[in-house]
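This structure is in structure tokens; I'll ask about it shortly.
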Amino acid sequence: MPDKILFVINKTSGENNNDWQAGIEAYFKGKDVVLEFYHLPDPVDCNSLDQYIKDAKADKVVAVGGDGTISLVAKSVRGTPMILGVIPAGSANGMAKELMIPTKLEDALQIIDSGRQTYMDTILLNDKHLCLHLSDVGINAQLIKNFEEGDTRGKIGYLKVAWKTIIRRQALEVTIKNDDKSFCRKAIMVVIANAGKYGTGAVINPEGEIDDGLFEIVIVKRLTLWGFLKIMLSLGFDNKNMEIHQTRSVNILAKHRAHFQVDGEYIGKVDKIAAIIQPKNIRIMLPQA
Ligand SMILES: [Mg+2]
């Protein structure tokens, strides 16, 4: 039987008006595959999507969109034999960049067609949120919230919001418990990292591997003005202000409720985060090594 590939297309993501379905059909023309397309409605109904994916019984399910679309599809395919594919089509393609998936449609399709099939870990947060990439509590989540609330346009608008956020930054007081140890820190943010870098290119977790059965807790203790500029210029974080712990699970308790985000999606304020690794939870198509 030919392979069946289901494409979940988020046409509202990104800025271009590509006809993704036409491009995909053209690429596979004459090949022995069955294609199916699901165009995400706006707003998305997560339950219908999940049911659709389960009923489709596809071999591969491809997210055509940004980080949010990948997260949606990942939630349905995790723990199943279905293989996740990614076509970067969002305004934020942090996860695709991390996975080295090219933005050119034909190149991304080639990976889905004949790339390397492998596995990746996920992190389960507070028993309900699935993290493939990076989650954090503190200033970055605050920044995401401020962007969502504001009417931010363009690079200047982005910088203005970022600047306001950093000027008003407040340190978190956290207790971190993992394995048999427990320690307290003051920090500007604490990252729960499955991967290595943010969509801007700023490396937060140089040792991060998506398939080693471990994740990292990255504590950013201070953020200086120069440190902030370095992040904005995608030069990375000041290592001397960071502390990294590798683990399989962690509990983070914040003295005061603080902003929390998962894979770029603002969740709300929390004072507790329980994180646990789910090793090799997702089958995925990646570029040949
Ligand atoms: Mg890892």
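Predicted, not measured: the structure shown is a model, and the values here were computed from it. FYI, side chains are in, hydrogens and waters are out, and symmetry mates aren't considered; it's all heavy atoms of this structure.
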Is Gln51 reaching over with its side chain to a backbone N or O of Cys46, donor-acceptor style, under 3.5 angstrom? no

Among residues at least two apart in sequence or on other chains, which ones pass salt bridge (Lys or Arg N to Asp or Glu O under 4.0 Å) with Asp113? Lys31

Heavy-atom closest pair, residues Ser135 and Asp263: OG-N, 4.0 Å

For Ala56 and Leu6, work out which heavy atoms get closest and say how close. CB-CD2, 3.9 Å

I'd like to know whether Asn205 forms a side chain to side chain donor-acceptor pair (under 3.5 Å) with Tyr198, so could you lay out the CA-CA distance, the side-chain angles of the two residues, the decisive distance to 0.1 Å, and finally the verdict. CA-CA 9 Å; Asn205 180 27; Tyr198 284 102; over 6 Å; no

Taking the six-membered ring for Trp and the full ring for Phe, Tyr or His, determine whether the centres of Phe260 and Tyr266 are under 6.0 Å apart. no

Carefully, step by step, assess Ile204 and Met189 under the rule side chain to side chain contact (heavy atoms under 4.5 Å, CB included). CA-CA 11 Å; Ile204 182 77; Met189 71 169 171; 4.3 Å; yes

When rounded to the nearest 0.5 angstrom, what is the spacing between CG in Asn281 and CD1 in Ile210? 12.5 Å

Value for CG (Asp19) from NZ (Lys11), rounded to nearest 0.5 Å, stands at 11.5 Å

Please examine the side chains of Ile83 and Tyr119, heavy atoms only from C-beta on, and report whether any two atoms are closer than 4.5 Å. no

Residue pair Ile277, Thr122: steps toward the side chain to side chain contact (heavy atoms under 4.5 Å, CB included) verdict: CA-CA 6 Å; Ile277 194 83; Thr122 57; over 6 Å; no

Looking at Arg257, I'd like to know if its CZ atom is crowded, meaning that more than 12 non-hydrogen atoms belonging to other residues, nucleotides or ligands lie closer than 6.0 Å. yes

Distance from Ile53 atom CD1 to Lys75 atom NZ, nearest 0.5 Å? 11.0 Å

Using only atom types and a distance under 3.5 Å, with no angle test, would you say the side chain of Asn194 pairs donor to acceptor with the backbone of Leu132? yes

Is a side-chain donor or acceptor of Asp107 paired with a backbone partner of Pro102 at a separation under 3.5 angstrom? no

Going by heavy atoms in the side chains, are Asn251 and Ile273 under 4.5 Å from each other? no

May I ask you to test the Val250-Ile252 pair for a side-chain heavy-atom distance under 4.5 Å? yes

Does CZ belonging to Arg248 count more than 12 external heavy atoms closer than 6.0 Å? no

Under 6.0 Å from the CD atom of Gln117, do we count more than 12 heavy atoms belonging to anything else shown? yes

Do Lys197 and Glu98 sit within salt-bridge range, that is, some charged N less than 4.0 Å from a carboxylate O? no

Between Glu36 and Tyr52, does any side-chain donor sit less than 3.5 Å from a side-chain acceptor? yes

Let's go through Ser71 and Leu130 carefully: what are the C-alpha distance in whole Å and the side-chain angles of both, what is the deciding distance for side chain to side chain contact (heavy atoms under 4.5 Å, CB included) to 0.1 Å, and is it a yes or a no? CA-CA 8 Å; Ser71 284; Leu130 185 74; over 6 Å; no

Atom of Leu223, atom of Arg169 and distance for their closest heavy-atom approach: O-NH2, 3.1 Å

Is the side chain of Asp45 donor-acceptor paired with the backbone N or O of Asn47 at a distance under 3.5 Å, no angle test? yes

Answer yes or no: is there a side-chain heavy-atom contact under 4.5 Å between Asp136 and Ile192? no

Test item: side-chain donor near acceptor, His39 and Gln21, under 3.5 Å: yes

Lys29/Glu25 salt bridge by N-O under 4.0 Å criterion: no

Counting only N and O atoms by type, is there a donor-acceptor contact under 3.5 Å from the side chain of Asp212 to the main-chain atoms of Leu214? yes

Rounded to the nearest 0.5 Å, how far apart are CD of Glu173 and CG of Leu253? 12.5 Å

Give, for atom CZ of Arg116 and atom CD of Gln288, the distance between the pair rounded to the nearest 0.5 Å. 7.0 Å

Other residues, nucleotides and ligands only: do more than 12 of their heavy atoms fall within 6.0 Å of CD on Gln110? no

For the pair Asp271 (side chain) and Ala258 (backbone), establish whether a donor and an acceptor sit closer than 3.5 Å, ignoring hydrogens and angles. no

How about Leu40 and Val8: do any of their side-chain heavy atoms sit closer than 4.5 Å? yes

More than 12 heavy atoms of other groups within 6.0 Å of Lys54 NZ: yes

Any side-chain heavy-atom pair of Ile176 and Ile219 under 4.5 Å: yes

Are any of the side-chain heavy atoms of Thr175 and Phe183 separated by less than 4.5 Å? no

Can you confirm whether the side chains of Gln261 and His259 place a donor and an acceptor under 3.5 Å from each other? no

Does Lys97 use its side chain to pair, donor to acceptor, with the backbone of Gly199 at less than 3.5 Å? yes

Between Val190 and Val174, what is the shortest heavy-atom contact and its length? CG2-CG2, 4.1 Å

Near Asp55 CG, under 6.0 Å, is it more than 12 heavy atoms from other residues, nucleotides or ligands? yes

Scan side-chain atoms only and decide if Gln142 and Thr165 contain a donor-acceptor pair under the 3.5 Å cut-off. no

Any donor-acceptor N/O pair, Arg283 side chain to Met82 backbone, under 3.5 Å: no

Taking atom CD1 as the centre, does Ile156 end up with more than 12 heavy-atom neighbours from other residues, nucleotides or ligands that are less than 6.0 angstrom away? no

If only atom types and distance count, is the side chain of Asp121 paired as donor or acceptor with the main-chain N or O of Lys280 below 3.5 Å? yes

What's the verdict on side chain to side chain contact (heavy atoms under 4.5 Å, CB included) for Ile9 and Phe37, showing C-alpha distance, side-chain angles and the deciding distance? CA-CA 7 Å; Ile9 300 178; Phe37 296 89; 3.7 Å; yes

Could you grab the distance from atom CG of Leu84 to atom CD1 of Ile284, nearest 0.5 Å is fine? 4.5 Å

Tell me the closest heavy-atom pair linking Pro88 and Trp20, and the distance in Å. O-CH2, 4.1 Å

Do side-chain atoms of Asp3 reach the backbone of Val33 as a donor and acceptor pair under 3.5 angstrom? no

Within a strict 4.5 Å, meaning less than it, do heavy atoms of the Lys60 and Ile112 side chains meet? yes

Between Val218 and Met242 the two heavy atoms that sit nearest each other are CG1-CE, 4.0 Å

Can you list everything that forms a side-chain contact (heavy atoms from CB on, under 4.5 Å) with Pro206? Sequence neighbours excluded, please. Val203, Ile244

